[in-house]
Amino acid sequence: MVKKKQILVIGNNTIGCTPEHEKVAYDIGQEIAKSDSLLITGGLGGIMNACSHGAKDANGLTMGIIPQDDPKFANEFCDIVIPSGMGFTRDFLNALSADGVIIVGGGSGTLSEVCAAYMSKKPMVAIRGFDSAISPYIDGYVDHRKNVKIIGVDTAKEAVDKIIELITA
């Protein structure tokens with residue numbers, strides 16, 4: 001058996017997550033499921049919930065790595081729940097668990113995950129058009145090291161196709 005590609009989707013939690021964010025995240029979840037990849041999220045609300053919901057509706061496999069130590073905090077669409085008990089430190093576990101990362105908006109928590117993925121040279125794509133903490137880095141680099149370029153994309157399908165291309169390159 002070949003290992004599934006593990007794609008982390010990050011972005012706005014319940015606070016700051018708009019219907020537009022949710023629609024794109026839901027569609028990304030569906031595309032990840034169609035690609036037979038494992039969806040990884042932070043397992044809570046907002047982008048994490050919408051993306052997991054989309055993946056489940058397309059018969060995909062979902063995993064949530066939550067900051068709490070009790071699995072009851074995970075959203076209802078997580079097949080596998082890892083209650084890390086690590087608080088914000090779980091952002092690093094999320095990034096290190098992924099083969100590639102898709103970013104949908106986001107604030108400081110998302111930026112933390114982006115930095116962890118960037119330092120680990122994980123391929124990343126970001127949906128353009130959302131005002132977020134990530135916006136200044138889309139189609140560029142987080143810093144002078146130029147570890148990995150954050151590729152800007154415009155659609156859910158483009159995001160999943162591009163991250164799979166980058167993972168398999």
Side-chain angles (χ1 to χ4, degrees), residues 1-17 21-22 24-26 28-29 31-33 35-56 60-127 132-134 137-138 141-143 145 147-151 159-160 162-164 166-169:
M1 182 174 120
V2 176
K3 176 184 137 340
K4 287 184 180 277
K5 291 171 191 68
Q6 297 181 186
I7 301 172
L8 173 65
V9 178
I10 60 177
N12 294 84
N13 63 18
T14 304
I15 299 168
C17 190
H21 288 110
E22 289 178 344
V24 170
Y26 180 90
I28 289 170
E31 292 297 328
I32 289 172
S35 77
D36 196 33
S37 299
L38 169 66
L39 168 65
I40 302 172
T41 71
L44 301 176
I47 295 299
M48 300 169 274
N49 185 74
C51 192
S52 298
H53 187 179
K56 289 309 303 168
L61 181 62
T62 64
M63 181 170 75
I65 303 173
I66 63 172
Q68 297 89 349
D69 61 3
D70 187 335
K72 75 178 181 191
F73 289 98
N75 72 59
E76 65 184 294
F77 303 107
C78 293
D79 292 309
I80 301 162
V81 177
I82 299 177
S84 73
M86 299 171 72
F88 296 128
T89 308
R90 80 80 153 80
D91 293 351
F92 288 83
L93 186 56
N94 289 354
L96 292 172
S97 297
D99 297 316
V101 181
I102 298 174
I103 309 160
V104 184
S108 60
T110 303
L111 189 55
S112 171
E113 288 170 303
V114 166
C115 289
Y118 183 81
M119 293 305 294
S120 300
K121 299 181 180 175
K122 301 286 182 167
M124 289 185 272
V125 300
I127 301 290
S132 72
I134 311 312
Y137 308 108
I138 296 175
Y141 301 92
V142 173
D143 69 12
R145 293 176 202 135
N147 284 350
V148 62
K149 187 174 188 177
I150 299 174
I151 308 294
V160 176
K162 187 64 173 178
I163 203 65
I164 289 172
L166 293 169
I167 290 168
T168 55

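Side chains included, hydrogens not; waters and symmetry mates left out as well; all remaining heavy atoms used. When a residue number appears, it is its place in the shown sequence, counting from 1.
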Listed partners of [X] passing salt bridge (Lys or Arg N to Asp or Glu O under 4.0 Å), at least two apart:
| X | answer |
| --- | --- |
| K56 | D79 |
| D69 | none |
| K149 | none |
| E31 | K34 |

Indicate every side-chain donor-acceptor pair of residues 101-111 with a distance under 3.5 Å to a residue at least two apart or in another chain.
residue: T110; atom: OG1; partner: G11; partner atom: O; Å: 3.2

My understanding is that only residues two or more places apart in sequence, or in another chain, count here; which of them pass side-chain hydrogen bond (donor to acceptor under 3.5 Å, both in side chains) with [X]?
| X | value |
| --- | --- |
| S84 | none |
| D99 | K3 |
| D91 | S112 |

**Message:** Quick test of your reading: applying ring-ring contact (aromatic ring centres under 6.0 Å, His included), list the pairs with at least one residue in residues 88-119, sequence neighbours left out, ordered by first then second residue.
**Reply:**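 Counting only pairs at least two positions apart or across chains, no ring-ring contact (aromatic ring centres under 6.0 Å, His included) contact touches residues 88-119.
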If you look only at distance, which donor and acceptor atoms sit under 3.5 Å apart when one is on a side chain in residues 41-51 and the other is two or more places apart or in another chain?
residue: T41; atom: OG1; partner: G43; partner atom: N; Å: 2.9

**Item:** Donor-acceptor under 3.5 Å (K122 side chain, A98 main chain)
**Value:**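 A pair under 3.5 Å: yes.
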**Request:** With sequence neighbours left out, write down each residue that passes ring-ring contact (aromatic ring centres under 6.0 Å, His included) with F77, or none if nothing qualifies.
**Result:**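 For F77 the ring-ring contact (aromatic ring centres under 6.0 Å, His included) partners, ignoring immediate neighbours, are H53.
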**Request:** Any pair with a residue in residues 6-15 that passes side chain to side chain donor-acceptor pair (under 3.5 Å), sequence neighbours left out, goes on the list, sorted by first then second residue, please.
**Result:**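 Passing the test, one end in residues 6-15: N12-H21.
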